[in-house]
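One structure below.
Source: prediction; values computed, not measured.
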Amino acid sequence: MKILIIEDEFLIAEGVSLTLQSAGHAVTGIAEDLPTALALAGQEKPDMAFVDIKLANGSNGLDVARALKAMGIACVFATGNPPNKAQAGGVGLGYIAKPFSPRVLVQTAAFVAGMLSPSAPSAAAPHGFVTL
């Protein structure tokens, strides 16, 4: 699956990227703010994105997720500041809270891949993933 990472903390973003690549996913890029996320999403056409809430340059992950959803890209928040259902407004599938383990990250990506594939059997959400 093609995954975009929206995270402004370099070490976290790199760790997420390496973990997802080790699990066989293609990381299409890392963005630290809204303009970069939109540019990468437009160029690379990811299937999903892991989105932090608090981003660089005054950007907000909720705004990023709204824009990505409009582009047909599924979003999961990966954040230390989880949104509630009212805040997320249906733009994210759910969230995993920082600090999350590599296992939870990989299982969440697999869960979303199953949700996006019409032929995949439905699976239970992984432990640590909260549906919005």
Side-chain angles (χ1 to χ4, degrees):
M1 183 162 59
K2 293 170 45 176
I3 302 173
L4 177 61
I5 300 166
I6 296 97
E7 169 64 63
D8 63 339
E9 293 185 44
F10 176 77
L11 292 177
I12 293 173
E14 284 297 313
V16 168
S17 178
L18 291 172
T19 298
L20 292 170
Q21 289 177 55
S22 294
H25 299 288
V27 174
T28 61
I30 297 171
E32 66 177 7
D33 58 22
L34 177 63
T36 308
L38 294 181
L40 283 170
Q43 292 170 350
E44 302 295 331
K45 311 282 190 264
D47 302 305
M48 73 164 293
F50 281 104
V51 182
D52 191 12
I53 296 289
K54 291 187 178 181
L55 299 170
N57 305 319
S59 293
N60 180 303
L62 293 168
D63 295 334
V64 172
R66 282 185 196 94
L68 294 178
K69 181 179 180 181
M71 298 170 76
I73 300 166
C75 293
V76 170
F77 296 106
T79 182
N81 303 290
N84 61 40
K85 288 185 182 190
Q87 290 172 314
V91 297
L93 299 174
Y95 69 85
I96 54 176
K98 289 179 182 174
F100 46 81
S101 70
R103 181 180 52 81
V104 168
L105 182 68
V106 170
Q107 288 176 344
T108 300
F111 174 69
V112 172
M115 290 177 66
L116 298 177
S117 174
S119 61
S122 61
H127 181 71
F129 176 81
V130 178
T131 304
L132 288 173

Subject >> For the student: nearest non-hydrogen atoms of Ala49 and Ile73, plus distance >> reply: N-CG2, 4.1 Å

Subject >> Heavy-atom closest pair, residues Phe77 and Pro83 >> reply: CD1-CG, 3.8 Å

Subject >> Joint hydrophobic cluster, Met71 plus Val91, side-chain heavy atoms closer than 4.5 Å >> reply: yes

Original post:
Would you say the side chains of Thr36 and Glu32 form a donor-acceptor pair under 3.5 Å?
Top reply: no

Subject >> Reported OG1-to-CG distance for the pair Thr28 and Leu4, which is rounded to 0.5 angstrom >> reply: 4.5 Å

**OP:** Mind listing the closest non-hydrogen atom pair of Ala41 and Pro46 along with its distance?
**Re:** O-CD, 3.7 Å

Original post:
When rounded to the nearest 0.5 angstrom, what distance separates CG in Asp52 from CG in Asn60?
Top reply: 10.0 Å

Original post:
Between CD1 of Ile12 and CD1 of Ile5, what distance do you get to the nearest 0.5 Å?
Top reply: 11.5 Å

**OP:** Over all heavy atoms of both residues, which pair between Ser59 and Pro35 is shortest? Give the atoms and the distance, please.
**Re:** OG-CD, 4.1 Å

Subject >> Nearest atoms (heavy-atom pairs only) where Val27 meets Gln21 >> reply: CG2-CG, 3.8 Å

Original post:
How close do Leu38 and Ala67 get, heavy atom to heavy atom, and via which atoms?
Top reply: CD2-CB, 3.4 Å

**OP:** Supply the atom-to-atom distance Thr108 OG1 to Met115 CE, rounded to the nearest 0.5 angstrom.
**Re:** 11.0 Å

Subject >> Sidechain-backbone polar pair: Ser17 side chain, Ala13 backbone, donor-acceptor under 3.5 Å >> reply: no

Original post:
Would a 4.5 Å heavy-atom cut-off, applied to side chains only, mark Phe129 and Val76 as touching?
Top reply: yes

Subject >> Reference residue Phe50; test side-chain contact (heavy atoms from CB on, under 4.5 Å); the match among Ile96, Val112, Thr79 >> reply: Ile96

**OP:** Evaluate the side-chain proximity of Asp8 to Asp33: yes if any heavy-atom separation is below 4.5 Å, no if none is.
**Re:** no

**OP:** Decide yes or no for Ile53 and Leu62: does some side-chain heavy atom of the first lie under 4.5 Å from some side-chain heavy atom of the second?
**Re:** yes

**OP:** Determine whether Val130 and Val51 fall in the same hydrophobic cluster, where Ile, Leu, Val, Met, Phe, Trp and Tyr are linked whenever their side-chain heavy atoms lie under 4.5 Å apart.
**Re:** yes

Original post:
Is the shortest heavy-atom distance from the side chain of Phe111 to the side chain of Gln107 under 4.5 Å?
Top reply: no

Original post:
Got Gln87 and Leu132 here, is their nearest side-chain heavy-atom distance under 4.5 Å?
Top reply: no

Original post:
In terms of hydrophobic clusters joined by side-chain contacts under 4.5 Å, are Leu105 and Met1 together?
Top reply: yes

**OP:** Only one of Ile6, Val64, Leu55 passes side-chain contact (heavy atoms from CB on, under 4.5 Å) with Leu34; say which it is.
**Re:** Val64

Original post:
So, do Lys98 and Glu7 sit near enough that their side-chain heavy atoms are less than 4.5 Å apart?
Top reply: yes

Original post:
Measuring from Leu93:CG to Thr131:OG1, what's the distance to the nearest 0.5 Å?
Top reply: 8.5 Å

